[in-house]
A.B. asks: 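There's a structure below that I have some questions on.
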Amino acid sequence: MIENNMKDELDLALYYDWFCQTFLNSVKLSSDEFFSDVFDYKLVSVSKNINVLFQGDEYFVTKIRMDKQHDVFFRCSSVAVKIILDECLGVAKKYDISTITELEAKVISSFNDFLFNNITQFLINNIDPKAKRKNYDMINLTMLIKAKNGDNKTGKVIISLPYVLVKPPQAEVNSVYDVSGFNESVIDVALKVGTTKFNLRDLKGLESGDMVVFENSNINTMRISFKDYVSDFKLTPNPGIVTSIDDDGGESMSDNSSPQNLWDSIQVDMDAEFDSVKISLGDLKNIQNGMVVDLMSIYDNKVSLKVENKLIARGELVIVNDRYGVKIDETFAHVSPQVQQENMPVQEEQGVPQIDEILQDAGEAPQAGGEEEFDYSDFNLDDEDI
């Protein structure tokens with residue numbers, strides 16, 4: 001664990017690794033030389049905040065002065081003290097730091113002195129003794145100690161060092177990372193064209209050649225999504241897809257037609273979105289920066305029409321006045337009442353709904369075993385409202 005409030009210029013990964021390679025290694029070598037190879041150590045924390053580390057335990061503290069302004073502290077938890085003394089003096093009693101004997105304290109203090117002499121090589125020793133101390137921050141190295149031949153109990157050994165005396169090496173940059181190809185890298189994104197309200201009867205009669213105009217769309221904007229990233233962006237409209245409703249070759253369909261009866265007034269939300277579109281990271285970066293982008297290549301992709309996230313049709317993107325529309329090439333829902341009555345098999349693309357499934361959710365589709373008419377009472381309407 002590395003605390004994030006260390007100096008920004010330090011590479012934290014290198015900082016932690018440096019402590020492992022220097023101080024942790026020095027603690028292990030010192031322990032092997034002083035006690036023999038009977039203990040294992042592991043560095044688990046580099047932190048400026050020591051209060052959390054102290055909670056729930058008592059510590060035997062050794063303070064060693066570097067100079068008039070700087071001290072180094074060695075703290076051994078009660079469990080760590082027992083682990084060390086059990087190995088050195090034998091398991092004879094339950095050790096209590098508050099009643100520790102002179103011999104027991106001498107063992108711990110002597111090891112701390114021996115360890116201090118070995119770690120000073122990693123500390124700055126040329127501090128001007130006349131300089132006024134400005135930084136009181138301490139770096140706390142928390143290590144776990146465990147006897148190799150004992151039980152699985154682990155104790156804490158905390159070495160607290162003046163921050164100003166610690167200077168890990170800076171990361172060396174041998175070469176500059178080449179980002180020249182970044183902008184050309186290509187990713188798959190989803191582009192949403194717009195939405196509209198659509199009558200269920202029109203939806204049931206949708207066929208190739210029809211055109212759907214999306215009222216909630218703008219030829220100057222689309223919505224892009226990539227994983228968790230979703231954003232509206234500005235783009236340059238393609239004048240090559242501008243069309244006229246009178247010249248589209250098919251029947252224009254939108255939510256502007258006046259309902260002829262109650263059933264015609266029932267509407268669903270329809271979405272228009274491109275199938276998977278490839279754009280460059282350079283374009284994505286421009287989108288994030290709020291720049292107007294020119295994505296001419298996207299117009300080669302088909303646009304899917306979906307209701308409740310279920311595919312209804314696909315077609316080509318067109319521009320009608322200041323709105324986007326889709327000229328349908330193919331539909332995926334076969335709902336001919338005659339076909340249903342004759343029990344003919346219906347070809348259905350996987351994941352594509354039958355329109356009658358959507359209608360049945362609204363209450364109109366015929367029930368199995370008969371041609372039951374639509375029951376307006378499901379909508380709690382009075383007779384005069386029908």
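Heads up: numbering here begins at 1 and tracks the sequence. Since the structure is predicted, the reported quantities are computational estimates derived from the model, not experimental observations.
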A.B. asks: Ignoring hydrogens and geometry beyond distance, is a side-chain donor-acceptor pair present between D271 and T195 at under 3.5 Å?
C.D. replies: no

A.B. asks: When clusters are formed by joining ILVMFWY residues with side-chain heavy atoms under 4.5 Å apart, either directly or through shared neighbours, do L284 and V230 land in the same one?
C.D. replies: no

A.B. asks: Hey, are S160 and R75 close enough side-chain-wise for a donor-acceptor pair under 3.5 Å?
C.D. replies: yes

A.B. asks: Take atom CZ in R223; do more than 12 heavy atoms of anything else shown fall under 6.0 Å from it?
C.D. replies: no

A.B. asks: Do Y59 and S78 meet the criterion of a side-chain donor-acceptor pair at a distance under 3.5 Å?
C.D. replies: no

A.B. asks: Give the ring-plane orientation class for F74 versus F116, where under 30° counts as parallel, over 60° as perpendicular and anything between as tilted.
C.D. replies: perpendicular

A.B. asks: So, for V164 and I124, which heavy atoms are closest and what is the spacing to 0.1 Å?
C.D. replies: O-CD1, 3.8 Å

A.B. asks: Quick one about E33 and S30 (side-chain donor to acceptor, distance below 3.5 Å, no hydrogens or angles considered), yes or no?
C.D. replies: no

A.B. asks: State whether K278 and D188 are salt-bridged, where the test is any N-O pair (Lys NZ or Arg NE/NH1/NH2 against Asp/Glu carboxylate O) under 4.0 Å.
C.D. replies: yes

A.B. asks: Compare every heavy atom of D71 with every heavy atom of M138, then report the nearest pair and how far apart it is.
C.D. replies: CE-O, 3.6 Å

A.B. asks: Can you confirm whether the side chains of D283 and S280 place a donor and an acceptor under 3.5 Å from each other?
C.D. replies: yes

A.B. asks: Below 4.0 angstrom, N of the basic side chain to O of the carboxylate: do K197 and E215 qualify?
C.D. replies: no

A.B. asks: Is the distance between the ring centroids of F114 and F34 under 6.0 Å?
C.D. replies: yes

A.B. asks: Decide, yes or no, whether a salt bridge links D329 with R314 under the criterion of side-chain N to carboxylate O below 4.0 Å.
C.D. replies: no

A.B. asks: Are the charged groups of D37 and K28 less than 4.0 angstrom apart, N to O?
C.D. replies: yes

A.B. asks: Please give me the minimum heavy-atom distance between G155 and I83, naming the atom from each residue.
C.D. replies: N-CD1, 3.7 Å

A.B. asks: Classify the ring geometry of W18 against F23: parallel below 30°, tilted from 30° to 60°, perpendicular beyond 60°.
C.D. replies: perpendicular

